[in-house]
Amino acid sequence: MAVGDGGGGVRRRGCGCSKEDFFPEESFSSWEAYGRALRSTGPRLADRLTARSLDATELHEVRARSGADMKRDLTWWDLAWFGVGAVIGAGIFVLTGQEARDAVGPAVVISYVVSGVSAMLSVFCYTEFAVEIPVAGGSFAYLRVELGDFMAFVAAGNILLEYCIGGAAVARAWTSYFATLLNHHPNDFRIHAVFLSAASSRFDSVVFVVLVVVFVFVVVAGLTKADTANMRDFMPFGPRGIFAASAVLFFAYIGFDAVSTMAEETKNPARDIPVGLVGAMALTTALYCVLAVTLCLMVPYGSIDPDAPFSVAFADRGMDWAKYIVAFGALKGMTTVLLVSAVGQARYLTHIARTHMMPPWLAQVHPRTGTPVNATVAMLLATAVIAFFTDLNILSNLLSISTLFIFMLVAVALLVRRYYVSGETSDVDRNKLVACIAAILASSVATATYWGLNRGGWVPYAVTVPVWLAATACLWALVPQARAPKLWGVPMVPWLPSASIAINVFLLGSIDSKSFMRFGIWTAALLVYYLFVGLHASYDTAKALAAEANAGKVEDGDAKPSAPPM
């Protein structure tokens, strides 16, 4: 079926720039049709709020809208290096110094542990979904299946923001280390660079080897200049500083979800994704902790340079030549982050465009290279614009909010997946599930809110924490699991997903209010776009597929909810 008829098919031709390539749906065929669509916004929104996709729909019908298939040639080894390459960048090389100096002191290592635990819990949730639904859409596809079209769209906008901001933040940090490599001060100049090269697993493996060599050098050479006196005032900002820094340093772990978007290109997802994702996160956390301790042993926390902490630390300790090695390694790491980020963000956008929530032109996969060229270029341009106008502190805080919000939703979606199956779960069990999840969310939000208000006292926590424990225990004891994972599953369900929800929400409570205002503005802009464009495009596409399904041409499941609204 052609795109121009308002359905979900793909125009199988070269890259075009006509209206049909961007708005092929019936609602946008004329101004009169668009007016009718706007007058039907209420009923259409109600339909999309309760619409849930199916695993098979995401794996077959939706994926087919890109025309050509992506090539399946990645192994667990590739995914592991992609995972490490996607994560190690501006976080460890820049934010470590910024947070150690201004927010937490030498206890920055504990902040990395807290953020690492949160990230690992999210890794478990992502892994189960990526094994079961190995498509390029990552968390967007997972949420579409379990929480419905509307929540998936809200997450989609934040996913795209996450990748644009992440790439922009790394691009800006890149310039600080580039300046030190040329013997300039980190802030002497800025190069707003976004690399258009396609990342390859072989290149990523080579860069990772270079990074390991540089890390070993930093640790060994740095410890020769260690002074344990620098660690005596270990926690100068108290526990609040640890968690405030953890919320910002979560930025250092962002990127692993890009690996889940490569599930569609993985040879054996059931084996390769768990090993690649979990292995990459465990290795990354260990490296972060060792490097953070080394930095704080070399320099008193109050003297750490916030822009290029490791390079300047070596220069201050009489090893001026070493800063060039550190800067070279940092640039290598951040360049890899930019490349892997380009891979992940393009695949997210591709799958979102497959549903027509974004223009389907962005969903096209090049038939020769098997890569989403249009989406890659679009996202890199957006990243460059953000990098040009925004500083790293604003970027990292806004990125942390967006990412923690998405990770929380994925954990909620995993609970729904395990405990609710349409046609099998009874109304009583469904209602108990909803009540338990609501109590888990409410207690987590209450805990985070009180922490964020900084009022002091322990009485509110004596209420909210037991409520979280009781809600999770009730879910574990009173609601039977409706689905077992087919290939690989998160252990200790519901405890691990519930803990992921709690810690992600708690870290959100440690972020400043201005960042939440920016997040609110972005979310409001998303809703405006959805109500005027995305809703009508995705509604038309879903109904066109439903018509084909009724005619016996495709499997049912994309057009209407697979279950009654929860």
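Side-chain atoms are counted along with the backbone in the values below, which use heavy atoms only and exclude waters and symmetry mates. As the structure is a prediction and not an experimental result, all values here were calculated from the model.
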Of all pairs that satisfy side-chain hydrogen bond (donor to acceptor under 3.5 Å, both in side chains), the ones with a partner from residues 482-492, not counting sequence neighbours: none
Charged N-O contact under 4.0 Å between D272 and K267: no
Donor-acceptor contact present, side-chain N431 to main-chain D427, <3.5 Å: yes
Any donor-acceptor N/O pair, E128 side chain to V490 backbone, under 3.5 Å: yes
Ring centres under 6.0 angstrom apart (F153, F140): no
Approximate separation, where rounding is to 0.5 Å, of F519 CZ and L508 CG: 8.0 Å
Gap between atom CG of L249 and atom OH of Y112 - 0.5 Å precision: 4.5 Å
Parallel, tilted or perpendicular: ring planes of W451 versus Y461, cut at 30 and 60 degrees: tilted
Main-chain N/O of A245 paired with S111 side-chain donor or acceptor, under 3.5 Å: no
Side-chain touch V505/F407, heavy atoms, less than 4.5 angstrom: no
F532 atom CZ, neighbour heavy-atom count above 12 within 6.0 Å: no
Test item: L535 and F150 side chains (from C-beta on) under 4.5 Å apart, heavy atoms: no
Lys/Arg N to Asp/Glu carboxylate O, D540 vs K543, below 4.0 Å: no
T285 side-chain N/O to G116 backbone N/O, donor-acceptor pair under 3.5 Å: no
Separation of Y253 OH from M120 CE (nearest 0.5 Å): 9.0 Å
Residues in salt bridge (Lys or Arg N to Asp or Glu O under 4.0 Å) contact with R417, at least two apart in sequence or another chain: D55, E132, E146
Side chains of L531 and H536 in contact at under 4.5 Å (non-hydrogen atoms): no
Side-chain donor or acceptor of S538 paired with backbone N/O of G534 under 3.5 Å: yes
Plane angle bin for F129 and Y142 - parallel if under 30°, tilted between 30 and 60°, otherwise perpendicular: parallel
